[in-house]
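Okay, structure first, notes after.
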Amino acid sequence: MEVRDLHPWPGTPEEARAIQDRLRPLLDLDDPAPVSPRTVAGLDVSYAGDGRDDGTAARLAAAVVVLDAGSLEVVEESVVTGTAAFPYVPGLFAFRELPALVEALRRLNTVPDLLVCDGYGLAHPRRFGLACHLGVLTGLPSLGIAKRPFVGAYDPPGEERGSAGPLRDGGEVVGRVLRTRQGVKPVFVSVGHRIGLDEACRVALALSPEFRLPETTRRADRLSRDALAGLLPS
DNA sequence: GCGACAG
DNA sequence: ATCTTGTCGC
């Protein structure tokens with residue numbers, strides 16, 4: 001599929017933040033139309049550990065797995081190996097894996113109806129997490145499902161699957177804390193681009209019929225790990 | 001100023 | 001993210 005060219009690559013955290021501030025206005029989040037995705041793409045990245053002290057140049061594998069939204073059967077897979085493009089800095093996480101993920105998306109023959117990212121969308125210090133960034137670059141609806149809290153405050157949702165509550169930051173609701181499995185830690189859902197929070201949570205639940213994490217990220221996680229394992233140890 | 005901080 | 005043993009439970 002087609003993906004917009006990457007902007008000039010930032011050399012410093014300041015430049016990276018400036019890029020996020022410049023791209024944020026491109027988000028389409030006002031009254032988004034229903035997505036009702038037929039296919040959903042899950043994205044994830046695995047790392048080989050070493051690299052430089054700042055984490056740059058660490059070997060990684062970025063995977064995209066497209067599933068049929070109804071049956072959750074695999075429609076297409078794409079994996080690429082590469083190196084971390086930026087040190088890990090909370091709030092600038094996207095710059096670490098963006099180049100590899102974009103390349104994996106470009107190698108897709110299918111154009112998914114929705115992107116499900118491992119991390120955050122709007123629930124971000126500058127309201128521009130990885131899901132927002134990929135949404136703008138691809139033009140596709142996107143959302144983020146994170147395993148751990150980042151920004152915002154929340155009350156623990158009920159113990160049953162489906163229970164949820166608002167994730168609030170700076171006086172605004174930036175996402176939702178959702179229990180995808182009874183008695184198990186909840187996940188953090190936030191919209192990225194062209195989708196509403198209600199639909200994002202419905203999709204998140206539909207993609208997680210059995211486990212805490214959605215099948216999209218579970219599949220992408222396994223694929224990226226396998227790709228890394230297939231590389232010569234070094 | 002100090003601590004916390006997606007993956 | 002990754003480093004990691006055993007253990008409880010379906």
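A note on names: the letters A, B, ... follow the listed sequences, proteins ahead of strands, and every chain is numbered from 1.
The interatomic distance linking A:R225 (CZ) with C:dT4 (P) rounds to 14 Å, in whole Å. When rounded to the nearest whole Å, the span between CZ of A:R59 and C1' of C:dA1 equals 16 Å.
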Verify side chain to side chain contact (heavy atoms under 4.5 Å, CB included) between A:F128 and A:L26, making sure each step is shown before the conclusion.
-> CA-CA 11 Å; A:F128 201 75; A:L26 302 181; over 6 Å; no

Show the numbers, then the answer: is there a salt bridge (charged side-chain N to carboxylate O under 4.0 Å, His left out) between A:D198 and A:R176?
-> CA-CA 9 Å; A:D198 284 337; A:R176 199 170 289 167; 2.9 Å; yes

Find every protein N or O atom lying less than 3.5 Å from an N or O atom of nucleotides 7-10 of chain C, and list the pairs.
none

Can you give me the N/O atom pairs linking the protein to nucleotides 4-7 of chain B at distances under 3.5 Å, or say none if there are none?
from  : atom 1 : to     : atom 2 : distance (Å)
B:dA6 : OP1    : A:R148 : NH2    : 3.0
B:dA6 : OP2    : A:Y88  : OH     : 2.9
B:dA6 : N7     : A:G91  : N      : 3.2
B:dA6 : N6     : A:G91  : O      : 3.2
B:dA6 : N6     : A:F93  : N      : 3.3
B:dA6 : N6     : A:H124 : NE2    : 3.4
B:dA6 : N1     : A:L130 : N      : 3.4
B:dA6 : N3     : A:Y120 : N      : 3.1
B:dG7 : OP1    : A:K147 : N      : 2.8
B:dG7 : O3'    : A:D118 : OD2    : 3.3

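Pairing each heavy atom of A:P25 with each of A:D21, the nearest pair is CD-O, 3.3 Å.
A salt bridge does not link A:E160 with A:R179: none of the charged nitrogens is closer than 4.0 Å to a carboxylate oxygen.
A side-chain contact (heavy atoms from CB on, under 4.5 Å) with A:D44 holds for exactly one of A:L213, A:L223, A:D118; it is A:D118.
The stretch residues 159-197 of chain A has no heavy atom under 4.0 Å from DNA chain B, so no residue of it qualifies as close.
Within the 6.0 Å centre-distance limit, the rings of A:H133 and A:F95 are counted as a close aromatic pair.
More than 12 heavy atoms of other residues, nucleotides or ligands shown are found within 6.0 angstrom of CZ on A:R212. Counting heavy-atom neighbours within 6.0 Å of A:R106 CZ, excluding the residue itself, gives a total above 12.
Contact annotation: the side chain of A:R194 never approaches that of A:V35 to less than 4.5 Å [non-hydrogen atoms, C-beta and beyond].
Between A:Y120 and A:F150, the angle of the ring planes lies from 30° to 60°, which puts this pair in the tilted group.
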